[in-house]
Amino acid sequence: MYNNGYNPETLVYNYRRIGHGKARADAIRSAVSQADLNNDIPYMIFFREELCEESYWFVDELDLVTVFPELLAIIDKYPGTIPVSFQGGTNNILNTLNKYIYLLDVCTSFYQIPMEDCINFHNDFMKRWLAYGRTARKAYQMFFDFYLEIGDLDNAAKFLHKLKKIPAEKYDCVACAVTGEIKYYLFNNEKEKADKLAEKVKDGTYHCNSKWSDSVLKLRKSYLKYYILHGDYEKASETAYMLERSESQMKVYNKYASFMCAYVHSRTGRGLRIYKKHWKEWQEENNLYERYYAFKDIACFFKGLETERSRDTIRLELDKRFPLYNEENIYKTSSMAEYYYKEAEDIAQKFDKRNATNKFISELEMSFANV
């Protein structure tokens with residue numbers, strides 16, 4: 001079929017031998033270029049899907065803002081393209097819609113994406129989802145999640161109301177939708193409503209319908225965030241302990257900065273060990289939403305540490321990647337708290353400016369005040 005040595009199947013086998021990360025993403029990017037040069041429509045689609053997947057989970061989610069629209073344009077131009085064998089015979093349009101959900105999540109994670117673009121992406125997803133023959137339930141869920149995360153409670157309430165009016169379909173995870181509603185009540189300081197719903201998740205009245213989902217972990221994560229925000233460190237420590245020892249495969253919900261913060265008064269040594277193990281990961285985190293929450297909780301940890309120790313310095317084996325690095329490896333706890341607070345504050349201000357809310361800065365100030 002091709003006379004220039006181009007073989008898409010060989011390209012797939014080659015890049016799948018590379019471990020997840022930048023090198024693999026670069027190899028997929030090269031495969032995209034080769035498919036484009038050969039006008040190989042099925043693989044032009046497939047390689048971009050693979051690049052979206054790799055970027056979202058292992059490299060830089062912000063790449064989806066450029067790669068995914070290219071994928072959409074090809075699908076729109078060649079809607080009847082037959083999936084390649086590596087896709088297992090699944091539908092190209094459904095594959096693309098599932099990847100669209102990644103892009104909507106990226107809108108929450110990066111303030112660089114203008115609000116107008118975020119709303120346009122959500123509206124376009126809804127149009128395509130409905131055209132595919134699905135109900136608006138998933139689109140409403142994505143709108144609700146977005147508005148809740150940016151702190152726009154009026155719009156979050158509007159889409160929660162719309163979501164609850166549409167019956168669940170067989171592919172919906174009702175428990176996951178309920179955990180979102182619980183998060184809304186906690187954010188709105190309606191804890192009694194949250195607790196009442198939470199019991200129905202815990203007793204199995206609402207449960208996940210997929211092995212890749214774990215509503216109880218999502219539930220506990222929301223409560224952990226609430227307890228830290230409100231300064232209930234006894235409950236925070238209990239919740240972190242349960243999360244840390246969970247046997248679920250969904251380790252994505254185990255946020256070690258939150259655990260470290262939760263342990264500051266009850267398991268201080270454990271909290272310090274977590275910091276020493278994970279500080280490099282937090283320093284290199286490029287998901288700005290995750291970076292904000294990690295730095296917020298680290299700032300709270302070092303502030304709390306000042307009240308738990310008899311001296312105002314701490315020995316930490318850091319390296320030159322850390323902005324406050326010194327060769328003596330002795331750091332003032334107040335300086336550590338100040339560094340992480342200011343970094344979190346900078347991100348918070350940029351998110352709130354984009355979102356036209358004050359959620360991020362309010363959570364930072366409240367969490368820090370309540371340590």
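Excluded from the calculations below are hydrogen atoms, water molecules and symmetry mates; all remaining heavy atoms, backbone and side chain alike, are included.
Judged purely by atom type and a 3.5 angstrom limit, T357 has no side-chain atom pairing as donor or acceptor with the backbone of G151. Of the possible donor and acceptor atoms, one in the side chain of E169 sits under 3.5 Å from a partner among the backbone N and O of T135.
Salt-bridge annotation for E181 and K193: absent, with no side-chain N of the basic residue lying under 4.0 Å from a carboxylate O of the acidic one. Look at E53 and K99 and you find a salt bridge, because one of the NZ, NE, NH1 or NH2 atoms lies within 4.0 Å of a carboxylate O, short of that distance. Salt bridge D63/R29: present, at least one basic N to carboxylate O contact under 4.0 Å. Checked for salt-bridge contact, D346 and K350 meet the test: a charged N lies under 4.0 Å from a carboxylate O. Salt bridge present: R16 and E50 bring a charged side-chain N and a carboxylate O closer than 4.0 Å.
Judged by a 6.0 Å distance limit and a 45° cone about the ring axis, R245 is positioned over the six-membered ring of Y241. A cation-pi arrangement, defined by a distance under 6.0 Å to the six-membered ring centre and an angle within 45 degrees of its axis, is present between K162 and F159. With F368 as the aromatic partner, K296 does not meet the cation-pi criteria of under 6.0 angstrom to the ring centre and within 45 degrees of the ring axis.
Under the side chain to side chain donor-acceptor pair (under 3.5 Å) rule, R128 has a single partner from N123, T96, D76, which is D76. Of the candidates V178, L224, V201, L219 forms a side chain to side chain contact (heavy atoms under 4.5 Å, CB included) with just one, namely V201.
Scanning all heavy atoms of the two residues, the minimum distance from A157 to Y184 falls at CB-OH, 3.5 Å. The two residues I119 and F143 make their nearest non-hydrogen contact at O-CZ, 4.4 Å. Shortest non-hydrogen contact noted between A156 and F144 is O-CD1, 3.1 Å. Scanning all heavy atoms of the two residues, the minimum distance from L64 to P69 falls at O-CD, 3.4 Å.
Of the inter-residue distances, the one linking Y325 atom OH with L318 atom CG reads 9.0 Å to the nearest 0.5 angstrom. For the atom pair NZ (K235) and NE2 (H230), the distance works out to 12.5 Å, reported to the nearest 0.5 Å. Separation of atoms CD1 (I93) and CG (N98) is listed at 12.0 Å; rounding is to 0.5 Å.
The local environment of CG in L130 is crowded, with over 12 non-hydrogen atoms from other residues, nucleotides or ligands closer than 6.0 Å. Atom NZ of K332 sits in a sparse spot, with 12 or fewer heavy atoms from other residues, nucleotides or ligands closer than 6.0 Å. The environment of E308 atom CD is dense: over 12 non-hydrogen atoms of other residues, nucleotides or ligands sit within 6.0 angstrom. No more than 12 heavy atoms of other residues, nucleotides or ligands sit less than 6.0 Å from atom OH of Y206. Enclosure of atom CD in E284 by more than 12 non-hydrogen atoms of other residues, nucleotides or ligands within 6.0 angstrom is indicated.
No side-chain donor-acceptor contact under 3.5 Å links N92 and Y78. Between the side chains of D297 and S258, at least one donor N or O lies within less than 3.5 Å of an accepting N or O. Judged by distance alone, the side chains of N7 and E9 never bring a donor and an acceptor atom under 3.5 Å apart. Under the 3.5 Å distance criterion, with hydrogens and angles disregarded, no donor-acceptor pair is assigned to the side chains of T333 and R309. Side-chain atoms of D195 and Y223 include a donor-acceptor pair closer than 3.5 Å. Neither side chain, Y43 nor Q34, offers a donor N or O lying under 3.5 Å from an acceptor on the other. Using a 3.5 Å distance cut-off with no hydrogens or angles, the side chains of W129 and Y100 do not pair a donor with an acceptor.
In this structure, F301 has its ring center at least 6.0 angstrom away from the ring center of Y275. Taking the six-membered ring where the residue is Trp, the centroids of Y227 and Y233 are separated by 6.0 Å or more. For Y256 and F259, the gap between ring centers is short of 6.0 Å. Under the 6.0 Å cut-off for aromatic ring centres, F351 and Y292 do not qualify, their centroids lying 6.0 Å or more apart. Remark: aromatic rings of F125 and F121 are distant, center separation not under 6.0 Å.
Listed by chain and number, the residues in a side chain to side chain donor-acceptor pair (under 3.5 Å) with R48 are D36, E70 (sequence neighbours excluded). Partners of N120 under the side chain to side chain donor-acceptor pair (under 3.5 Å) rule, at least two apart in sequence or in another chain, do not exist in this structure.
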* To do: Begin with the C-alpha distance, continue with both residues' side-chain angles, and end with the deciding distance and a verdict on side-chain hydrogen bond (donor to acceptor under 3.5 Å, both in side chains) for Q141 and D145.
  => CA-CA 6 Å; Q141 177 77 57; D145 289 342; 3.1 Å; yes
* To do: Show the numbers, then the answer: is there a salt bridge (charged side-chain N to carboxylate O under 4.0 Å, His left out) between D26 and K22?
  => CA-CA 6 Å; D26 288 344; K22 186 179 183 303; 2.9 Å; yes
* Should E338 and K342 be marked as a salt bridge (charged side-chain N to carboxylate O under 4.0 Å, His left out) after you check the CA-CA gap, both sets of side-chain angles, and the distance that decides it? -> CA-CA 6 Å; E338 181 182 14; K342 286 185 175 179; 3.0 Å; yes
* Asked: Given T81 and M44, is the side-chain contact (heavy atoms from CB on, under 4.5 Å) satisfied, shown in steps?
  -> CA-CA 11 Å; T81 304; M44 288 168 64; over 6 Å; no
* Go through N329 and L316 one step at a time and tell me if the side-chain contact (heavy atoms from CB on, under 4.5 Å) criterion holds. => CA-CA 5 Å; N329 295 319; L316 295 167; 6.0 Å; no
* **Verdict with supporting geometry, I45 and L71, side-chain contact (heavy atoms from CB on, under 4.5 Å)** => CA-CA 6 Å; I45 293 170; L71 172 60; 3.7 Å; yes
* To do: Go through the steps for Y111 and N355 under the test side-chain hydrogen bond (donor to acceptor under 3.5 Å, both in side chains), then give the verdict.
  => CA-CA 8 Å; Y111 54 71; N355 300 336; over 6 Å; no
* Report the C-alpha distance between D105 and Y56 in whole Å, list the side-chain angles of each, state the deciding distance to 0.1 Å, and finish with yes or no for side-chain contact (heavy atoms from CB on, under 4.5 Å). => CA-CA 10 Å; D105 184 52; Y56 181 77; 2.6 Å; yes
* **Check against side-chain hydrogen bond (donor to acceptor under 3.5 Å, both in side chains), S109 and E61** => CA-CA 9 Å; S109 299; E61 300 101 302; 5.2 Å; no
* Residues E192, Y185; criterion side-chain hydrogen bond (donor to acceptor under 3.5 Å, both in side chains); working and verdict -> CA-CA 8 Å; E192 288 187 8; Y185 290 136; over 6 Å; no
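Side-chain contact check for F110 versus V65: every heavy-atom pair is 4.5 Å or farther apart. Considering only heavy atoms from C-beta on, L288 comes within 4.5 Å of Q112 through its side chain.
Placement of L153 and L229 in two distinct hydrophobic clusters is found when ILVMFWY residues are connected by side-chain heavy-atom separations under 4.5 Å, directly or transitively. I82 and F86 are assigned to two separate hydrophobic clusters, defined by single-linkage of ILVMFWY side chains at heavy-atom distances under 4.5 Å. Placement of L217 and M260 within a single hydrophobic cluster is found when ILVMFWY residues are connected by side-chain heavy-atom separations under 4.5 Å, directly or transitively.
Ring planes of Y293 and F360: tilted class, angle from 30 to 60°.
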